[in-house]
Structures are given as structure tokens and as C-alpha cells.
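Sequence lines set the chain letters: A, B, ... in the order given, protein chains first and strands last, and positions in each chain run from 1.
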Amino acid sequence: MMLLKVVDLHVEVAGVEVLKGVSLDVREGEIHALMGPNGSGKSTLAYTILGREGYLVKSGDILFEGRSVLGLSTDERARLGIFLALQEPPQIPGLRLSPFLNAIINKRLCRKELNKLPPPQVLAEVGKALQAVGLSRPHLSRELNMGFSGGEKKRSELLQAILLKPKLLILDEPDSGLDADGVKAVARIINSFKQEGKGVLLITHYARLLKHVPPDEVTVLYRGKVAVRGGPEIAERIDSEGYSFLNGSVGKDEH
Amino acid sequence: MNINLKHEIPLTLGEARPVKYEVRLKGELTEELVRELSELKGEPEWMLNLRLRALEWFHKLPMPKWVRGVEELDLSRLVLYSKPKGSLATEWGDVPPEIRRYYEALGIPEQEAKLLSGINATFGSESIYSKLRDSLRSKGVIMMPTEEAVRKYPELVRKYFGRVFPYTDHKFAALHTAFWSGGAFVYVPPNVRIDQPLEALFLIGSPLEGQFEHTLIIAGENSYLNFIEACAAPRYSGESFHDGMVEIYAHRGATVKFTTIQNWSKNVINFGNKRAILEEGARVDWMIGSLGSKVSYEYPMSVMKGAGSSSQAIMVSIAKGPYIKDGGAKMIHAAPNTKSRIVSKSISGDGGLTIYRGLIKVLRRAANSFAHAECDSLILDNSSQSFTYPHNQVDEPTSTVIHEATAGRLGEEQLFYLLSRGLSEAEAKSLAVMGFLDDLLIQLPFEYANILRSVIEVEFSRLGGVG
Ligand SMILES: Nc1ncnc2c1ncn2[C@@H]1O[C@H](COP(=O)(O)OP(=O)(O)O)[C@@H](O)[C@H]1O
Ligand SMILES: [Mg+2]
């Protein structure tokens, strides 16, 4: 089933048109890799799907499970089952990971008191998820993204992704700053998302991660437009040649 | 993080209800007005003279440079003294019902029965209710309206009144001393320990009123007491003005824990003038929750006069909406081996402004003294502000002074992040606020932490029993 459908999306940020007609689909149980050089608009697309302030949709549409989400706030979109793992999650001084996890889990469970301890079976899930992403209990008492290394931030994003049980995961460069073992751990988690039937929009600049996470579809963004679309062979080509082949290819949208 | 609210504490008193008054004094701030007030109170000559000298200073002193947000305040329009009908009660049943209802709404009679050693309630300018447990009275403890103490214990009061906080300090201290009325006098004899708190409650029942209550606490050698001051007002249109004063004298080895829960309604302009003098080995802890009011100035000061004395000030200020919270502690180290600690946490949101102005002063003779100040601010949006002006003046080379400050803003990026996890904006802010305060809340006494939590819940929407 179709989870996400982005239709001819034009997005303006700070008065500049950053996305110039992007279309893209993500189905259940599918990994769709979104690639492209820095500044091509990958993160912009992710933020726009979540309805971030300042990302103005000038035309086009974003459908989730067949319905437009353009009129919904960020938290409403999240509660529909869209999750975004940020490329650079911000620091939140004072807020520790543990009460934060409790709050977002309780919110998912529609419990009224967000500060309550989640039910025991959910707490067991937290323990398992911690292990899966390679974090340990002491991380829970750290302030959110403060004093986390680049890799720990990525792991904490995936931890939340697991615990919130979304239908669609948008992962914005989940592998940057990770060592080889870290990349493998992340790959394992992404593959398990796919196995659970979730849709994954996997944003990655390098093809490195895709060796461990075979994508069903690859879209390459360039200067706010879809430059190339196809299968895993595109990722292989980027791995060997980089993005140089894109020069002059803008507009050759095979959509 | 596991404290549950056992009982809901109502935090607002709703709309003001009409109250009958016996006397209301207003007009230009003249000598005649002061004399009239003094005569009404049947005071000794020395108190009248003190008032008159203070009035002179009030007219002489310039408006302090740090005052802002009180431009509309016209003192000659205020009722400077208001005495509600009825006489001082020792049973709640004797308090006029329209006044009693406010205290019942705050749950005071039950609190008194369960938790308090003594209580004083000032409504407008006069104490309307005052009570001290017999067991303490028999140990020589005194708690009574300050004016009653002036009449009954003139020698004792005269020795301390106005000596801890001189009226020459600033214009509003002078104004206070000229027109003071109401408040509690507390004396704890040497070696007497009062475990359950004494509480003073201050209510301003009508708009355009000035309240100048005066609390004087004398802690005898090696005594211990815990004093809570709570301020509240119903909503009315037109501003009222609170310019109270607290003087604490802690004798050798005494411990005083002083807590303020300032939750005035948003039409009160508040000056809290608080000061303590500490003798050898004494300890004074201030805990100030600056939650309500339109504009609030709160600068508790501890003068560590005796060797080995120590003081702590924990301050939580919340300015949510077009309000100003201006506060900070002042620690004066005037003797060797003195120790102080300041923790200030302020939160501003929806256009609020918080200001921290701290002072740590270590005099030349205060060898081996230690001072630590930490002030953190959290700004919840782009329309709100926070400023920090710490000031250290250290004249003793063997002392250690540490100052730490952090400022965090819940910017668009942070808010987006929290919303993207499914939290509503109010929930996100509430979570950030609770996180910010949590380290502090776990250090506070249960009842106090509870009240703070409840106020935060009301202000930042409900997160359930946050904490
Ligand atoms: N807040 C912003 N203000 C101005 N320009 C922005 C903003 N965010 C992104 N851009 C611009 O949009 C383009 C795409 O950025 P981004 O989506 O971050 O690319 P990617 O994630 O592919 O590296 C860049 O040219 C960037 O400079
Ligand atoms: Mg990016």
C-alpha cells in the first residue's frame, strides 16, 4: 500500500525556491533511498513532509495514506505515524533522555499523564531498543543531545524511531559520523523496519550505507529537482563516480 | 520525578468579591497622613519618629535606576492603609465570611490543622487572623501581628526593627517604613526548635491598594525555625502595590529557613525587601518562588556578620506573558569561613522578561570564605527575554567565588524537534520547563515543590502530574 506520495512539490524557504517540483512515493515495506549532493534539497523535503515552520509549500501536495497532510500541524503529522530522524538533532538543555522517552511513549499510548512511567512491557521494549541501537542505561540520564557524540545522537534518533512505532520513517543521513560497526548496526535496524512492513525514506549522501541496506528505489535530487530515478544500480554508480555525472542532467526527470 | 499531587491546590482566587472596610487612608504622601496612621495604631513615639524620618527619605531618594514597568504607578491614587471590618480573630469562624472564603479557597484552615505551628493572615493592611500553638507559646515563642508586638514588646522590637533593613537603602524601602502595617512578628527563644513551619499569608482584596506588611523574625541562639510566606490576590481591574519587608536576625548558631511563594494576581506590582543578618555559625536559607504579579522585584540579602555563618538562596522566577520578574540574591561575606550558595532559575515565555541581578561581596576580613552562584535561564520563544547581571566584589584573596550562568532558548529548531515526536506545543514547553527545573525541585521540601509544580502546570498547560 502507498504510504507517502509527494506530488510535484514546490517549496520556498526564506524567500528562495528550494524544491522545484519534486515527486516521490514510498510504499509499505519499501526502502526508498533519497540521494544527492549537499544542498540539493533532501533535508528540505524531509522538513516539509513534517510541516516545519518556514517551509512554505507553494504548490503540489503531500499525501499520507491517501490523504493530504498539508493542513496538519507537525505534531498531528507525527501522530499519524510519520517519524523524522534528524540529520543534526538539537540540544535541549535540562531535558533528560529518560523523561523525554517516557513522555513521547505515553503520548503515543494516548495516556494523559506524560510523566508517568510507561507500562512494564513498554519499559522492557526500551531496554531492548537501547541494546539494539548500541546505547546503555547511563545515556538515559543525559540531557537530550547534550554531550552526545555525533554517533550517539544518531543512535538516540533511532531509539526514538523504534519506540514510537511509526508507519513511515524518514531517516536523514542516519549514518554520518558513525564508524563501520555503527553503520552495520544502523543498517540492521533499517532492514528490520522494512521487515516489519514500515516504509523508509532513507536520505543519504554517500552510498556506503546502501551496501548494507539494499534500497527498492533510488531517487537522486539535484538543485531541488529529481535528477535521476531508478534501482540500486544508481547508488553503485554514485559510489564509484560520485555526483559528477549529474552535471547537465537537471531536468531529465524520468518520472 | 515521582511526586504525585496528593491534593489539588487551587492557585488563583478568581474574581475579587466586595469586602467591607472600617478605615481607608489615601492621599498625598504627607507627614499628616503618616501621623494619622500612627495614631490609628496607637504607637509609641519612637515608631512615629521612625516613620517620619523614613518619609523624609522617601521624598529625598531618587527613583532607583533599576525600576522599570511601574511607570503607571501613581502612589497618591492608592489606598495606603485599609483595615477590613472586624477584629483580630483566633478562630476562622470569627473572620468575616467574604474574607474567610479566600483563605478557604487556598486550603489554609486544613493546612493549619495539619502542618503549621503558627499562622498570621494579613488582609489589606491589618492582620485578621493570628494563632500560635500553645505548646510553643509555653516555650516562650512569640508570633503575633507586628503592631501588637510593638505595643507588647517595645524593647525587643525596637532593638531590631529597621536595623536589619535600613530605610535609607532605596526609595521603596523608605516608603515601606513610613507606611508599614500588618505582617508578623516572630521570636524564638534560644535552643528552641520549631519543626513545623510558621506561615504568614498576605492577601490584597481590592484594586488600587498599597500593602506594606512588615515581618520581623528574631531567632535566638541555636534555635531553628521554618517560615513560609505566601502572597495571593484575586483578580480585579486596576493595579495594586505590594511593598513588604522581611527582616531576619539569626543569633549565634540559629537556623532560619524562609520560603516565599509569591503568587500575586497579574495586577499586582511587587517589591519584596528581604534581608537577614547572621551571627556566628548561623544559617539562613531563602527559597523564593516568584510566580505571579505583573512586575516583581525580589532581592533577598544575607549579611554574614559572624564567622562560619552560611546562607543559601534558591530562586525560581517565571514570567509568562507581558510580565517582568526582576530578582537575584545578595550575599555579603563579612566574616571568616562564611559560605554562600545562590541558585537562580528563570523562565520567560509569551513576551515575558526575567532579569537576574546578583551580588556577591566578600569583605577583606572574610578569610577562607566560599561563594557559589549559578543562574540559569530558559527562554521559551523569540518574543521573550532574559538578562543576567552578576556582580562580584571580592576584597579577600583567600576566598573562593564561583559564578556559573547558562542561557537556553527553546528555539524553533528545538520546538520542531519536540513536535515531530507527537507532542503538542504546550506539552513540549511544559516538558522543557520541567526538565529545566527538575534538578532544583528534587532539592526542595515536598510541599513547596508541589506548589511550584502546580503553578507550572497551570501556566504551561497540563502535562498531568508533571514531575
Ligand atoms: N533555513 C534556510 N534558509 C535559507 N536557505 C536554506 C534554508 N534551509 C535550506 N536552505 C537552502 O536550501 C538548499 C537545500 O538545503 P538542504 O535541504 O539542507 O540540502 P541537503 O539536505 O540536500 O544537503 C540549500 O541551498 C540551502 O542553502
Ligand atoms: Mg541535509
Visitor: Should the heavy atoms of other residues, nucleotides or ligands under 6.0 Å from NZ of B:Lys339 be counted, would the total exceed 12?
Guide: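 Not more than 12 within 6.0 Å, no.
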
Visitor: Grab the two heavy atoms, one from B:Leu423 and one from A:Ala103, that are nearest each other, plus how far apart they are.
Guide: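 For B:Leu423 and A:Ala103, the tightest heavy-atom pair comes out as CD2-O, 4.2 Å.
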
Visitor: Measure the spacing between CD of B:Glu427 and CD1 of A:Ile104 and express it to the nearest 0.5 Å.
Guide: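 The CD1 atom of A:Ile104 is 12.0 Å from CD of B:Glu427, to the nearest 0.5 Å.
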
Visitor: Classify the side-chain pair B:Tyr417/A:Gln91 by whether it contains a donor and acceptor separated by less than 3.5 Å.
Guide: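 Not at all, the side chains of B:Tyr417 and A:Gln91 share no donor-acceptor pair under 3.5 Å.
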
Visitor: Measure A:Leu50 against the heavy atoms of chain B and call it side chain, backbone, both or neither at under 4.5 Å.
Guide: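 Both the backbone and the side chain of A:Leu50 come within 4.5 Å of chain B.
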
Visitor: Quick one: are B:Glu425 and A:Asp75 in side-chain contact, heavy atoms under 4.5 Å?
Guide: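 Of all side-chain heavy-atom pairs linking A:Asp75 with B:Glu425, none is under 4.5 Å.
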
Visitor: What part of A:Asn106 gets closer than 4.5 Å to chain B, counting heavy atoms only: side chain, backbone, both or neither?
Guide: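 It is neither, since no heavy atom gets under 4.5 Å.
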
Visitor: Hey, does B:Asp438 have a side-chain heavy atom less than 4.5 Å from the side chain of A:Leu95?
Guide: no

Visitor: Specify the closest pair of heavy atoms between A:Pro93 and B:Gly408, including all atoms of both residues, with the distance to one decimal.
Guide: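 For A:Pro93 and B:Gly408, the tightest heavy-atom pair comes out as CG-CA, 4.3 Å.
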
Visitor: Give me the atom names and distance for the closest heavy-atom approach of B:Ser420 to A:Ala78.
Guide: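 Scanning both residues completely, I find the closest heavy atoms to be O-CB, 3.3 Å.
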
Visitor: Let me know if A:Gln160 has heavy atoms under 4.5 Å from chain B in its side chain, its backbone, both or neither.
Guide: side chain

Visitor: Can you find a pair of side-chain heavy atoms, one from B:Arg421 and one from A:Lys107, that are under 4.5 Å apart?
Guide: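 They are not in contact (no side-chain heavy atoms under 4.5 Å apart), so the answer is no.
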
Visitor: Heavy-atom count check: over 12 atoms from other residues, nucleotides or ligands less than 6.0 Å from A:Gln121 CD?
Guide: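 Buried by this count: over 12 neighbours within 6.0 Å.
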
Visitor: What part of A:Arg52 lies closer than 4.5 angstrom to a heavy atom of chain B: side chain, backbone, both or neither?
Guide: both

Visitor: Let me confirm one number: the CG-CG distance from A:Leu144 to B:Leu431, rounded to the nearest 0.5 Å.
Guide: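 Separation between the atoms: 9.0 Å.
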
Visitor: Side chain, backbone, both or neither: which part of B:Asp439 has a non-hydrogen atom closer than 4.5 Å to chain A?
Guide: side chain

Visitor: If you take all heavy atoms of A:Arg79 and B:Ser424, which pair is closest and at what distance?
Guide: NH1-N, 4.3 Å

Visitor: Looking only at heavy atoms and a cut-off of under 4.5 Å, which of A:Glu53, A:Arg111, A:Arg108, A:Glu143 has the most pairs with chain B?
Guide: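 Ranked by heavy-atom pairs under 4.5 Å with chain B, first place is A:Glu53.
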
Visitor: Side chains of B:Met434 and A:Asn115, heavy atoms from C-beta outward: is any pair under 4.5 Å?
Guide: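 In short, these two side chains do not touch, never coming nearer than 4.5 Å.
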
Visitor: So with a 6.0 Å cut-off around CD of A:Glu125, is the heavy-atom count from everything else above 12?
Guide: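 Yes, enclosed.
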
